[in-house]
Amino acid sequence: MALRACGLIIFRRVPPASDIEFLLLQTSYGTHHWTPPKGHVDPGEDDMTTALRETEEEAGLHASQFTVVDGFRKELNYNVKNKAKTVIYWLAELRDPSAQVKLSREHQDFRWLPLREACEYSGYQDMQDTLNDAYQFLQGDPKQ
Ligand SMILES: Nc1nc2c(ncn2[C@@H]2O[C@H](COP(=O)(O)OP(=O)(O)OP(=O)(O)OP(=O)(O)OC[C@H]3O[C@@H](n4cnc5c(=O)[nH]c(N)nc54)[C@H](O)[C@@H]3O)[C@@H](O)[C@H]2O)c(=O)[nH]1
């Protein structure tokens, strides 16, 4: 069975034009790659509980600080060390755009990034597609 992880693509709308910025975290290990907060599903845990737990552990953002967006859920499938991994992402808007991110020891840096930069930082085609879909969804495109 594939390794399973879940997380939240957190975004904020920045005044004055409500520009959308996505939150990416940089790992403090390995290749120091950038992803939204996410992590492995614990035994017996449901997917959304994992996504909320990992977001709080990795970014210091509690569920009371954001709103999960209805109707957006993406599944990524890729291999890690020759083992299949499935990652489920939901989309969530930070209520207070000035809320502070608090990293755990798993990450060494974070950025709030507009779509194009977020895609560049991620680098993975499947995550770029997911970020683009999220952005389109937020513009009101029902196909996403
Ligand atoms: N010292 C050390 N420790 C590690 C290492 N590795 C893990 N730990 C420990 O494990 C714990 C993590 O626990 P959680 O937080 O619960 O899990 P996740 O959040 O799931 O975290 P991971 O980092 O395991 O998983 P990914 O982000 O999935 O990265 C795995 C590989 O997949 C590629 N990849 C990443 N994203 C994408 C994508 O969007 N698209 C595509 N196509 N590919 C993507 C990329 O090539 C990457 O190298 C930490 O506490 C560490 O202590 C490591 O190398 N050295």
Side-chain angles (χ1 to χ4, degrees), residues 1-14 19-144:
M1 221 173 61
L3 185 65
R4 192 173 184 85
C6 299
L8 293 180
I9 299 171
I10 302 273
F11 70 96
R12 65 180 185 181
R13 296 182 197 266
V14 186
D19 293 330
I20 289 169
E21 292 181 343
F22 295 100
L23 177 64
L24 293 185
L25 314 178
Q26 184 183 35
T27 61
S28 47
Y29 53 84
T31 56
H32 306 295
H33 60 289
W34 295 82
T35 75
K38 56 123 180 59
H40 301 136
V41 177
D42 284 344
E45 193 176 44
D46 70 73
D47 289 349
M48 180 57 87
T49 300
T50 302
L52 296 173
R53 175 179 57 72
E54 290 284 349
T55 299
E56 186 163 11
E57 286 176 8
E58 297 187 344
L61 296 172
H62 184 262
S64 60
Q65 293 177 274
F66 50 78
T67 307
V68 177
V69 175
D70 273 346
F72 186 92
R73 176 187 181 278
K74 288 285 169 184
E75 180 176 319
L76 275 63
N77 292 285
Y78 53 88
N79 287 328
V80 179
K81 295 176 187 152
N82 292 324
K83 285 178 77 177
K85 179 169 183 175
T86 298
V87 188
I88 312 292
Y89 283 110
W90 286 272
L91 185 57
E93 178 171 5
L94 193 65
R95 292 189 179 145
D96 172 6
S98 64
Q100 295 300 301
V101 170
K102 295 183 202 80
L103 297 179
S104 72
R105 269 189 270 174
E106 281 180 39
H107 293 95
Q108 62 182 26
D109 202 0
F110 73 92
R111 295 269 197 286
W112 288 104
L113 298 163
L115 177 63
R116 191 169 57 80
E117 282 89 335
C119 289
E120 285 170 9
Y121 271 68
S122 163
Y124 307 109
Q125 188 59 54
D126 48 4
M127 178 50 69
Q128 293 184 35
D129 293 344
T130 299
L131 290 167
N132 273 295
D133 287 353
Y135 188 84
Q136 292 305 321
F137 187 89
L138 295 171
Q139 307 307 309
D141 182 346
K143 290 197 299 298
Q144 301 308 322

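Atoms within a ligand are numbered from 1 in the order they appear, just like the ligands themselves. When a residue number appears, it is its place in the shown sequence, counting from 1. Nothing here was measured: the structure is a model prediction, and the numbers come from that model.
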Run through Leu52, Leu91, Asp96 and flag the one making a side chain to side chain contact (heavy atoms under 4.5 Å, CB included) with Phe66.
Leu52
With salt bridge (charged side-chain N to carboxylate O under 4.0 Å, His left out) as the criterion, how do Glu54 and Lys38 come out once you've worked through the C-alpha distance, each side chain's angles and the decisive distance to 0.1 Å?
CA-CA 5 Å; Glu54 290 284 349; Lys38 56 123 180 59; over 6 Å; no
Heavy atoms only, cut-off 4.0 Å: how does Lys38 contact ligand 1, side chain, backbone, both, or neither?
both
Interatomic distance, CZ@Phe22 vs CG@Leu115, rounded to 0.5 Å, equals 5.5 Å
Looking at ligand 1, does any of its N/O atoms fall within less than 3.5 Å of an N/O of Asp126?
yes
Would you call the rings of Tyr124 and Tyr78 parallel, tilted or perpendicular, where under 30° means parallel and over 60° means perpendicular?
parallel
Under 4.0 Å from any heavy atom of Glu58, which atoms of ligand 1 are there?
15 (O)
Protein heavy-atom partner closest to atom 7 (C) of ligand 1 - residue, atom, separation in Å
Tyr29 CE1, 3.3 Å
Got an N/O contact under 3.5 Å between His40 and ligand 1?
yes
More than 12 non-hydrogen atoms from neighbouring residues, nucleotides or ligands closer than 6.0 Å to CG on Asp70, yes or no?
no
Can you name the atoms of ligand 1, numbered from 1 with element, that are less than 4.0 Å from a heavy atom of Gly39?
14 (P), 15 (O), 16 (O), 17 (O), 18 (P), 19 (O)
Determine whether the side chain, the backbone, both or neither of Gln125 has a heavy atom under 4.0 Å from any heavy atom of ligand 1.
neither
Return the residue, atom name and 0.1 Å-rounded distance of the protein heavy atom closest to atom 32 (O) of ligand 1.
Tyr78 CE1, 3.3 Å
Is there a salt bridge (charged side-chain N to carboxylate O under 4.0 Å, His left out) between Asp19 and Arg13 once you walk through the steps?
CA-CA 5 Å; Asp19 293 330; Arg13 296 182 197 266; over 6 Å; no
Identify the closest protein heavy atom to atom 46 (O) of ligand 1: which residue and atom is it, and at what distance?
Tyr124 OH, 3.4 Å
Is there a polar contact between ligand 1 and His33, counting only N or O atoms under 3.5 Å apart?
yes
Backbone N/O of Asn77 and side chain of Thr86: donor-acceptor pair under 3.5 Å:
no
Are side-chain N/O atoms of Glu93 and Thr67 paired as donor and acceptor at under 3.5 Å?
no
protein heavy-atom neighbour closest to atom 31 (C) of ligand 1 works out as Val80 CG2, 3.8 Å
Value rounded to 0.5 Å, distance of CZ in Arg53 from CD in Glu45
4.0 Å
Would you kindly specify which portion of Leu76 sits under 4.0 Å from ligand 1, judged on non-hydrogen atoms: side chain, backbone, both or neither?
side chain
Counting non-hydrogen protein atoms only, what is the nearest one to atom 20 (O) of ligand 1? Give residue, atom name and distance.
Lys85 NZ, 2.5 Å
Under 4.0 Å from a heavy atom of Glu106: give me the atoms of ligand 1 that qualify, with their elements.
15 (O), 49 (C), 50 (O)
